[in-house]
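Quick notes on the structure that follows.
What you see is a predicted model, and the numbers here were worked out from it, not measured in a lab. No hydrogens, no waters, no symmetry mates; every other heavy atom, side chains included, goes into these values.
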Amino acid sequence: MPDGTLLLIDDEAALRQGMGRFLELEGYRVLPAGSAAEGLELLGQHAAEVLVVLCDVKLPDANGVQLLPRLKQRAPLAEVVLLTAYGRIPDGVQAMKDGAFDYLTKGDADEQLVAVVARAADKARLQRRVAELERQVGAQHSFASMIGHSPALERAKALAQRVAATESTVLLEGPTGAGKELFAQAIHQASPRKGKPFVAVNCSAFPKDLLESELFGYRKGAFTGALGDKKGLLEEASGGTLFLDEIGELELSVQAKFLRVLETQTFTKLGDTKPTKVDVRLVAATNRNLKQEAANGQFRPDLYYRLAVFTIPVPPLKERPEDVQPLAEHFLQLFAAKLRKRLQGFDAECLRRLQRYDWPGNVRELKNVLERAAILTDDAVLTTDDLPFELQSPAPTDDANDQSLRTVEKRQILRLLQQTQGNKTEAARQLGIGVKTLYRKLQEYGLPGGGSV
C-alpha cells in the first residue's frame with residue numbers, strides 16, 4: 001500500500017516525471033498534472049485521497065500563489081507545497097498567509113523535499129482523523145441520534161431545532177436524568193458554532209466558594225493559593241457554547257456577574273481590574289421552577305427573564321412511554337457489547353414492567369437498571385427476575401381506593417419490600433411476622449419471591 005496520494009502540478013514534463021518517479025520510490029502514489037486546469041480537475045476527482053499538492057508557482061495558465069485558495073477550496077484537508085525556480089520572499093510570505101504548508105525552491109536537496117512532503121502528509125492525515133472524530137461526535141450528539149419518537153419528545157426536538165441556528169439563549173427545563181445535556185449538545189452541533197468548544201458545567205458539582213473562580217478564572221495573587229493566572233471556563237468556551245446545568249444552584253452574587261456576561265459578553269476575573277471579552281452562547285438547564293423562585297426572591301428575576309428568551313420543556317420518561325422500548329433495546333445492546341454477552345432482548349412480561357414503571361429517575365434510571373440486569377443475567381433474554389424488586393412488583397390495582405384488609409396488607413408488604421430492597425428477613429421483622437409467614441403471603445398475593453423457605 002502507498003504511504004499516500006500526492007498531486008504534482010508542473011508544466012515541465014522532465015521535472016514532473018523525474019520528481020514523480022523519485023516520490024514514488026519513497027512510497028507515494030503520484031498524480032501528475034501539466035497545468036492548473038488539469039490539476040484542479042484531478043484534485044476534484046481525488047480530493048478524498050490527496051494528502052499533499054506539490055504545485056509550481058509559474059504555470060502556463062495560472063500563478064501558483066494565486067491558485068492556492070482554489071486548491072484549498074477543492075481539498076480543504078490537503079496540504080499544499082509550492083515550488084519555484086527562483087524563490088521570492090513576498091511570494092513565500094503570501095503563500096504562507098493563504099495556507100501553504102511550505103514554499104520550496106526547485107533544486108533543493110532531495111532529502112529536504114522528502115522531509116517536507118512527509119511532514120505535510122502527516123499533518124493532512126491528522127486533519128482527516130480530527131475531521132472524522134468531529135463527524136462522529138456530531139452524529140452522536142445530533143437531533144437524529146436521539147432515541148424515541150413519542151409526541152412529547154418530538155415537540156421538544158422541534159423547538160430545539162428551530163432555536164439552534166440562532167444565537168439566542170436557551171433554558172432547558174425538566175427533571176434530572178431526562179436528557180437536558182443531550183439537548184444542549186444537539187443544539188450546539190446544529191448551530192453555526194459547531195466545531196467550536198462545547199463546555200458543560202454542572203453548577204451543583206462545585207462547592208459554592210469555588211464555582212465563581214472556576215467559571216470566571218482569576219489573576220495571580222487574587223486570594224491565598226492563587227499562585228498563577230487561571231483561565232476560567234467562560235474563556236475556554238469562547239467562540240462556542242457554555243452549558244450551565246442546574247443553573248438554579250448559582251449564588252446570587254454569581255448570578256449578577258452572569259447577567260453582565262449575557263448583556264455585554266464581558267466579565268472581570270477575580271483579582272483583575274480590566275474586563276475580559278468573550279464570545280459565548282449560553283444554554284442553561286434546571287430541574288427547578290426558576291420562575292417561581294424568581295418571584296420568591298430565591299433567583300434573580302432579571303437573570304431569569306434574560307435566560308428564558310427561549311424555554312424548552314424536556315419531557316420526563318413517564319410522559320413518553322412509547323420511547324421506553326427503543327431506549328431499553330439500545331441500552332441492552334450497548335451493555336451487551338461492553339460486557340461481551342449475547343443479549344437478544346426481553347420477554348413480554350419484562351418489557352411490560354419496563355413500560356408501566358413511572359421512572360422517577362428518567363432515562364438515566366432506565367440506563368442504570370439495564371446495566372444491572374445485563375450484569376446479572378445468564379440468559380440471552382431478560383426476564384422480570386433480572387429487574388430490581390420495585391420493577392418486579394405487579395402494577396398497582398386499578399381501584400386505588402380499595403381499603404379492604406387484604407389490599408392494605410398487600411400494599412404494606414410491597415412498600416416494606418421496596419424500602420428494604422427485597423430483603424425479606426428485614427421486611428418480615430418490620431411487619432412483625434415470621435419469614436415463613438411472609439413467603440406464604442407473597443405466594444398468596446401472587447407477588448414475586450413467594451414460595452417455601
Taking [X] for its side chain and [Y] for its backbone only, find out whether a donor-acceptor pair lies under 3.5 Å.
X: Arg306; Y: Leu259; answer: no
X: Asp56; Y: Leu59; answer: no
X: Gln265; Y: Val280; answer: yes
X: Asp229; Y: Lys220; answer: yes
X: Lys180; Y: Val314; answer: no
X: Arg281; Y: Thr166; answer: yes
X: Lys123; Y: Ala78; answer: no
X: Asn202; Y: Ser204; answer: yes
X: Trp359; Y: Leu354; answer: yes
X: Thr264; Y: Val261; answer: no

Start with the C-alpha distance between Phe299 and Tyr304, add both sets of side-chain angles, then the distance that settles ring-ring contact (aromatic ring centres under 6.0 Å, His included), and finish with yes or no. CA-CA 7 Å; Phe299 195 85; Tyr304 168 72; 7.1 Å; no
Quick one, [X] and [Y] - any side-chain contact, counting heavy atoms below 4.5 Å?
X: Glu371; Y: Ile375; answer: yes
X: Leu382; Y: Asp347; answer: no
X: Leu327; Y: Val363; answer: yes
X: Val201; Y: Phe206; answer: yes
X: Val80; Y: Leu54; answer: no
X: Leu244; Y: Phe258; answer: yes
X: Leu126; Y: Asp122; answer: no
X: Leu77; Y: Leu51; answer: no

Side-chain ion pair, [X] and [Y], N-O less than 4.0 Å:
X: Lys274; Y: Asp272; result: no
X: Asp10; Y: Lys58; result: no
X: Glu263; Y: Arg260; result: no
X: Glu12; Y: Arg16; result: no
X: Glu249; Y: Arg288; result: yes
X: Asp323; Y: Arg320; result: yes
X: Lys257; Y: Glu212; result: yes

Exercise. For Gln73, does the CD atom have more than 12 heavy-atom neighbours from other residues, nucleotides or ligands under 6.0 Å away?
Worked result: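 No - once you tally the heavy atoms of other residues, nucleotides and ligands closer than 6.0 Å, there are 12 at most.
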Next on the checklist: If you count heavy atoms of other groups shown closer than 6.0 angstrom to NZ of Lys291, is the number above 12?
Outcome noted: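 12 or below, so no.
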Which atoms form the tightest heavy-atom contact between Ala285 and Leu171, and what is the distance?
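Scanning both residues, the minimum pair turns out to be N-CD1, 4.3 Å.
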Practice problem: Indicate the atoms forming the closest heavy-atom contact of Leu366 with Ala328, along with that distance. | Solution: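 The answer is CD2-N, 4.1 Å.
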Any side-chain donor paired with an acceptor under 3.5 Å for [X] and [Y]?
X: Glu251; Y: Gln255; answer: no
X: Glu322; Y: His149; answer: no
X: His188; Y: Gln185; answer: no
X: Thr176; Y: Asn287; answer: yes
X: Tyr357; Y: Glu365; answer: yes

Quiz item: What pairs of residues pass the ring pair (Phe, Tyr, Trp, His ring centres under 6.0 Å) test when at least one of them lies in residues 223-253, not counting sequence neighbours?
Solution: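 Non-adjacent pairs meeting ring pair (Phe, Tyr, Trp, His ring centres under 6.0 Å): Tyr218-Phe223.
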Set of side chain to side chain donor-acceptor pair (under 3.5 Å) partners for Asn362, sequence neighbours left out: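 Partners of Asn362 by the side chain to side chain donor-acceptor pair (under 3.5 Å) criterion come out as none, since no residue qualifies.
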Could you give the distance from [atom1] ([X]) to [atom2] ([Y]), rounded to the nearest 0.5 Å?
X: Leu172; Y: Leu307; atom1: CG; atom2: CG; result: 11.0 Å
X: Ser238; Y: Leu233; atom1: OG; atom2: CG; result: 12.5 Å
X: Leu182; Y: Ser145; atom1: CG; atom2: OG; result: 5.5 Å

